[in-house]
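Convention: sequence-line order gives letters A, B, ...; per-chain numbering from 1. Please read these numbers as outputs of a predicted model, since none were measured by experiment.
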2 protein chains.
Amino acid sequence: MTGRLRADARRNVEGIRRAALDVFRAGGLTTPLDEVARAAGVSKGTIYHRFGSRRGLIDAVVEELVLERIEGIITAVEALDDPLERFEEYLLRTWLLQFDEPAANDVLMRTLPESEPLTTLFDRSCGFGRQVLHDAQAAGAVRDDITPEDLAYLILERGVIARACDQQTRDDYRRRLDFVLRGLRTAR
Amino acid sequence: MTGRLRADARRNVEGIRRAALDVFRAGGLTTPLDEVARAAGVSKGTIYHRFGSRRGLIDAVVEELVLERIEGIITAVEALDDPLERFEEYLLRTWLLQFDEPAANDVLMRTLPESEPLTTLFDRSCGFGRQVLHDAQAAGAVRDDITPEDLAYLILERGVIARACDQQTRDDYRRRLDFVLRGLRTAR
DNA sequence: GTGCTACTTGACTGCATGGTCAAGAAAATA
DNA sequence: TATTTTCTTGACCATGCAGTCAAGTAGCAC
């Protein structure tokens, strides 16, 4: 995209990327493009010229925006041994990420199902979650009637909540996550 | 409202009420008024003339739309003896109501915080819930660290989910409610 | 039936969004 | 510097909603 562009165009592509990173980081991937344009100091039309569409812009920044966060969770969880701890840590960290980073939440909620970079990121997290769930169930630590789809829903649900109930404090949000985690363990 | 109105106006008020009941029942209280107007066979302007505002219309129908449902839950729960059963039945029925009736969900989510009829209905359900929670905690059946605000949130959350994740089947929605309930009981 | 007045209409404003394009501006080239 | 090519602009279209109002319609009293 930055191949044989005119100087001003190259400058703009970079400026728009940077602005999109800032704006999307703060407000998620559904923020109006006018805001990105304003932040970049260009007109909306330029964004469409340089990136083709809203999706094009998102595809160009989503990895830089979210990849690290998702990999960070996987790495942190892989450092743990106990299957239950792994499962709960995966969910907890994912849920907190959804609260802290609207853009990551959009990825985990599949807000833009068309985008492949986004889908790839989603699958990365989701696939790892499946495995962690499977292991915890094999160890008898987590209810057997939870399916991988249930797990995906537990994350989707939390995303919807993080997005809609944005007046709650992080501490309250965090505290309530324990109620949910508790319900997933095997009854003893 | 039906005092000294001209014949056509009286007819229209009734028609609009009936249409609003149908349309709001199906789509919740945030359905565009154009749909109500179309269903009633009048123009949007007439609704505003007869009911003053969107809120006026909602105030005029919300009780008929929701009161019975909420009272039904309270009655059903009061017929039970065991505090835990009462608590779980209250939550379960409320959550299912939120899935089945978008309008009731809007009441329980306080979608229109300005409306007093709506607030009254909300308080009815919420106050009863508090009491049921308190009894269940006094009996040692439900976690002590759950506050009345947490209870309100458990319902608000479910409302957001019912509204946003409308592609899931009722059976799946129902099944997943058990996970949440399980997490609220005291660990044993 | 005639005229008064209550009532209804639908086109209008206003707002927020996504997305497009002709015309003008600026960089590159000669 | 003059010409060509690329790029940017912001006004514009479309959509979907809330809410308003001048002008036309229809019920009602006499």
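- Taking every heavy atom of both residues into account, Ala60(A) and Phe51(A) meet most closely at CB-CE2, 3.8 Å.
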Could you pull out all donor-acceptor pairs under 3.5 Å where a side-chain atom in residues 130-137 of chain A meets a protein atom, sequence neighbours excluded?
from	atom 1	to	atom 2	distance (Å)
Gln137(A)	NE2	Arg143(A)	O	2.8
Gln137(A)	NE2	Ile146(A)	O	2.8

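- Between the P atom of dC17(D) and the CG atom of Asp34(B) lies a distance of 7 Å, rounded to the nearest Å.
- When atom types are taken as modelled, the side chain of Arg54(A) and the backbone of Leu29(A) share a donor-acceptor pair closer than 3.5 angstrom.
- Take Asp106(B) and apply the side chain to side chain donor-acceptor pair (under 3.5 Å) test, not counting sequence neighbours, and it matches Thr111(B), Arg163(B).
- Residues Tyr173(B) and Trp95(B) come closest through the heavy atom pair OH-O, 2.7 Å.
- Hydrophobic clustering (ILVMFWY, side-chain heavy atoms < 4.5 Å, transitive): Phe179(A) and Leu84(B) are in one cluster.
- Secondary-structure stems of DNA chain C, taken as three or more successive Watson-Crick or G-U wobble pairs (i with j, i+1 with j-1) under a 3.5 Å distance threshold, comprise C:1-30 with D:1-30.
- Using a 4.0 Å cutoff to heavy atoms of chain A, the contacted part of DNA chain C runs 5' to 3' from dT17(C) to dA28(C).
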Please tabulate, one pair per line, all N/O donor-acceptor pairs under 3.5 Å involving side-chain atoms of residues 74-81 of chain A, not counting sequence neighbours.
from	atom 1	to	atom 2	distance (Å)
Thr75(A)	OG1	Glu71(A)	O	2.8

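- Of all non-hydrogen atoms in Ala103(B) and Phe24(B), the two that sit nearest each other are CB-O, 3.7 Å.
- Contact annotation: Tyr48(B) side-chain N/O to dT20(D) OP1/OP2 distance is not under 4.0 Å.
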* Structure fact -> Whether each nucleotide of nucleotides 2-13 of chain D has a protein heavy atom under 4.0 Å at its base (B), only at its sugar-phosphate (S) or at neither (-) is summarised, 5' to 3', as ----BSBBB---
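- Both Arg54(B) and Ala7(B) lie near DNA chain D, and the one whose nearest nucleotide falls closer to the 5' end is Arg54(B).
- Considering every non-hydrogen atom in both Arg182(B) and Ala187(A), the closest pair reads NH1-CB, 3.2 Å.
- For the 3.5 Å distance criterion, the side chains of Asp150(A) and Thr147(A) qualify, holding a donor opposite an acceptor.
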